[in-house]
Amino acid sequence: MMESSTTTSYSVVSELEGTLLKNPNPFAYFMLVAFEASGLIRFAILLFLWPIIALLDVLGYKNGSLKLMIFVATVGLRESDIESVARAVLPKFYMDDVSMDAWRAFGSCEKRVVVTRMPRIMVERFAKDHLRGDEVIGTEIIVNRFGYATGLIQETDVDRSVFNSVANLFVDRRPQLGLGRSVISGSPTFLSLCEEQIHAPVPSNYNGHNQRLHMQPLPVIFHDGRLVKLPTPATAFLILLWIPFGIILAAIRIFVGFILPFWALPYVSRIFNTRFIVKGKPPAPATAGNPGVLFVCTHRTLMDPVILSYVLGRSIPAVTYSISRLSEILSPIPTFRLTRIRDLDAEMIKKELSNGDLVVYPEGTTCREPFLLRFSALFAELTDKIVPVAMNYRVGFFHATTARGWKGLDPIFFFMNPRPVYEVTFLNQLEVEATCSSGKSPYDVANYVQRILAATLGFECTNFTRKDKYRVLAGNDGTVSYSSFLDQVKKVVTTFKPFFH
């Protein structure tokens with residue numbers, strides 16, 4: 001090992017595609033940009049051009065295939081829309097493909113540079129926030145003075161441009177370590193600038209240069225976008241074929257849910273390939289004159305309280321934090337919006353509990369990854385009849401949550417999946433000794449409930465809040481205001497843009 005390898009100034013330059021990421025082909029990430037930032041038409045066009053893109057790669061015209069993907073995926077898009085997808089959608093799919101062997105070599109160095117053939121705007125957020133990179137070198141999309149992408153890039157020869165950028169970044173001293181794919185063509189690459197070169201795949205027994213700096217990539221806790229699976233050509237083709245059938249099936253499932261009583265739905269749902277898995281023993285309904293129990297649930301989708309009512313066979317009113325007016329109108333169960341004024345909210349919850357059972361979601365928002373957000377302690381102050389409920393769901397094609405779109409369409413996307421599954425696990429009602437009645441603080445009770453629910457689901461507890469989520473995914477605090485009918489129509493059109501734009 002070189003003498004410089006023991007210093008904290010050890011630097012690494014690593015290729016993203018095929019090295020830090022296992023998959024060397026970025027096509028699926030351009031498909032995500034096409035779908036999430038534009039719509040189904042652009043998504044389909046890019047898919048239909050895939051044979052041409054693949055042929056160009058085989059014939060050695062890699063710059064041509066890359067420029068074609070960039071053009072089709074981004075031309076005419078606002079730069080802010082591309083940034084939004086790069087911030088909220090792409091990191092999850094990148095993280096799922098990270099090579100931990102390459103990461104260990106990359107993370108053992110203090111100065112870390114990521115190079116990519118993809119546009120820098122698509123990679124920079126992930127590379128810096130999750131891979132802990134210091135610099136990102138990639139292609140640059142040309143944006144006109146109105147803020148729209150032209151679909152063109154500044155670079156003529158991408159490999160040469162990357163080579164020059166790395167050389168300019170390390171003027172005084174060559175980078176010590178270079179990670180990248182083997183090069184067949186004769187054009188120079190950034191690896192030739194590095195003192196030590198390791199070709200992908202990085203050996204699993206490779207020893208890092210500074211063991212003290214070994215870290216893990218930061219996990220992706222917040223994730224947006226409607227697509228569940230990475231849209232490889234085969235997966236994207238299946239999605240396109242399924243969408244017409246999914247819309248019809250969702251309409252039928254929702255119609256049946258409206259006309260049938262709650263108690264019948266778990267049985268009838270099997271006919272339409274929807275599963276409700278119930279574990280544990282739910283409490284009996286509240287009797288007249290006795291206050292109801294407070295169901296304290298994990299929050300996975302907007303449908304959580306409706307599903308809870310389905311499996312209990314009766315309507316359970318829900319306390320909501322911030323949903324649209326139309327969602328409240330269409331809800332098959334009563335909903336009560338919190339004012340965020342603590343005394344008023346506490347009085348409202350106590351009043352509803354005196355009338356029967358009630359369901360609350362202390363996280364205040366949904367989280368689709370295996371993490372639980374911080375629990376608000378308000379519920380613990382109001383009753384000692386607390387029943388924790390662990391809720392989770394599984395889908396195949398479309399996510400049933402969104403931070404940037406319109407939440408009122410979450411049920412449609414959920415029921416568009418071929419075989420949606422909801423799991424509801426009832427835990428035992430908290431013992432009096434575990435509630436505020438025994439002198440425990442509301443925060444201790446809330447943290448305890450969060451921990452046992454996380455343990456039941458195999459999730460991890462966090463201290464993040466709904467504001468943290470919306471700042472990351474949507475650039476706002478997540479508050480939904482009562483808007484005009486025209487505003488609601490505009491929101492619907494924006495949400496359906498992936499299908500019609």
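Start at 1 with the first residue, then count along the sequence.
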Pro420 and Asn273 have their tightest heavy-atom pair at CD-O, 3.7 Å
Looking only at heavy atoms, the pair that brings Leu90 and Met122 closest together is CD1-O, 3.6 Å
d(Trp50 CH2, Ile53 CD1) to nearest 0.5 Å is 9.5 Å
Check: Would you say the side chains of Lys229 and Thr235 form a donor-acceptor pair under 3.5 Å?
Finding: no
Under the criterion side-chain contact (heavy atoms from CB on, under 4.5 Å), I'd like the reasoning laid out for Leu338 against Ile349: C-alpha separation, chi angles, the key distance, then a yes or no.
CA-CA 9 Å; Leu338 292 179; Ile349 294 175; 4.3 Å; yes
One should read off an interatomic distance between Phe295 CZ and Ile386 CD1, to the nearest 0.5 angstrom, of 12.5 Å
*Look only at the side chain of Arg253 and the backbone of Ile412, and say whether a donor-acceptor pair between them is shorter than 3.5 Å.*
no
Any heavy-atom pair between the side chains of Ile307 and Tyr393 that's under 4.5 Å?
no
Could you walk me through whether Phe375 and Glu363 satisfy the side-chain contact (heavy atoms from CB on, under 4.5 Å) test, starting with their C-alpha distance in whole Å, then the side-chain angles of each, then the deciding distance to 0.1 Å, before giving a yes or no? CA-CA 5 Å; Phe375 275 30; Glu363 292 172 279; 3.5 Å; yes
In this structure, CE of Met416 is separated from CD1 of Ile239 (nearest 0.5 Å) by 10.0 Å
Is a side-chain N or O of Asp57 found less than 3.5 angstrom from the main chain of Gly60, in a donor-acceptor match?
no
Subject >> Main-chain N/O of Ile452 paired with Thr456 side-chain donor or acceptor, under 3.5 Å >> reply: yes
Shortest non-hydrogen pair, Phe27 vs Leu47, comes out as CZ-CA, 4.2 Å
>> Looking at Trp242, I want to see if its CH2 is surrounded by more than 12 non-hydrogen atoms of other residues, nucleotides or ligands under 6.0 Å.
In response: yes
query: Where do Arg374 and Asp468 land on the salt bridge (charged side-chain N to carboxylate O under 4.0 Å, His left out) test, with the steps shown first?
result: CA-CA 11 Å; Arg374 189 176 71 196; Asp468 296 319; over 6 Å; no
* Asked: What orientation do Phe126 and Tyr94 show, parallel under 30°, tilted 30 to 60°, or perpendicular over 60°?
  -> tilted
Is it true that Phe464 and Phe371 have ring centroids separated by less than 6.0 Å? no
Across all chains, not counting sequence neighbours, the side chain to side chain contact (heavy atoms under 4.5 Å, CB included) partners of Pro411 are Met303
Salt-bridge contact Asp159-Arg117 (side-chain N to carboxylate O under 4.0 Å): yes
Sequence neighbours excluded, the answer for salt bridge (Lys or Arg N to Asp or Glu O under 4.0 Å) partners of Glu460 is none
Nearest heavy-atom approach of Val136 to Arg120 is O-CD, 3.7 Å
**Candidate pair Leu16 and Leu131, rule side-chain contact (heavy atoms from CB on, under 4.5 Å), full reasoning** = CA-CA 10 Å; Leu16 183 69; Leu131 295 183; 4.1 Å; yes
message: Is it true that Asp410 and Thr301 share a donor-acceptor pair across their side chains at a distance under 3.5 Å?
response: no
Checking Asp357, Asn428, Val293 against Pro283 for side chain to side chain contact (heavy atoms under 4.5 Å, CB included), the one that qualifies is Val293
The reported gap from CZ in Arg132 to CH2 in Trp103 (rounded to nearest 0.5 angstrom) is 5.5 Å
Checklist entry - Under 3.5 Å, side chain of His130 to main-chain N/O of Leu218, donor-acceptor pair present? => result yes
Here the gap from Lys22 atom NZ to Met100 atom CE, rounded to the nearest 0.5 Å, amounts to 9.5 Å
Note: Ala400 and Arg226 closest approach over all heavy atoms is C-NH1, 3.7 Å
Check: Heavy atoms, side chains only, cut-off 4.5 Å: are Ser161 and Thr139 in contact?
Finding: no
| said: Looking at Ser99 and Leu21, would you say the former's side chain and the latter's main chain have a donor-acceptor pair under 3.5 Å? | reply: no
(Q) Keeping Arg104 on the side-chain end and Gln216 on the backbone end, is there a donor-acceptor pair under 3.5 Å? (A) no
**Prompt:** Are any of the side-chain heavy atoms of Asp304 and Tyr422 separated by less than 4.5 Å?
**Reply:** yes
Between Lys128 and Glu124, does at least one N-O distance fall below 4.0 Å, as a salt bridge requires?
yes
Output for pair (Phe426 CZ, Leu308 CG), nearest 0.5 Å, gives 5.0 Å
Exercise. Hey, does the side chain of Arg300 reach the backbone of Arg368 with a donor-acceptor pair shorter than 3.5 angstrom?
Worked result: yes
Check: Heavy atoms, side chains only, cut-off 4.5 Å: are Phe276 and Val424 in contact?
Finding: no
- Can you find a pair of side-chain heavy atoms, one from Thr366 and one from Lys469, that are under 4.5 Å apart? yes
Decide yes or no for Leu409 and Thr402: does some side-chain heavy atom of the first lie under 4.5 Å from some side-chain heavy atom of the second?
no
Is there side-chain contact between Cys367 and Phe459, with heavy atoms separated by less than 4.5 Å? no
Please determine whether side-chain contact (heavy atoms from CB on, under 4.5 Å) holds for the pair Leu227 and Phe397, giving the CA-CA distance in whole Å, both sets of side-chain angles, and the decisive distance to 0.1 Å. CA-CA 6 Å; Leu227 295 183; Phe397 281 161; over 6 Å; no
- Item | Asn417 side chain vs Phe414 backbone, donor-acceptor pair below 3.5 Å | yes
*Fit a plane to each ring of Phe262 and Tyr310, take the angle between them on a 0 to 90° scale, and name the class: parallel (under 30°), tilted (30 to 60°) or perpendicular (over 60°).*
tilted
(request) Kindly indicate whether the side chain of Pro231, heavy atoms from C-beta on, has any atom under 4.5 Å from the side chain of Leu32. (result) yes
Nearest heavy-atom approach of Ser14 to Thr19 is OG-CG2, 3.7 Å
Contacts of Arg181 meeting side-chain hydrogen bond (donor to acceptor under 3.5 Å, both in side chains) (sequence neighbours excluded), chain-then-number -> Glu15
| Between the side chain of Asp224 and the main-chain N/O of Leu473, is any donor-acceptor distance below 3.5 Å? | no
Review point. Is there a donor-acceptor pair under 3.5 Å between the side chain of Gln450 and the backbone N or O of Leu373?
Key: yes
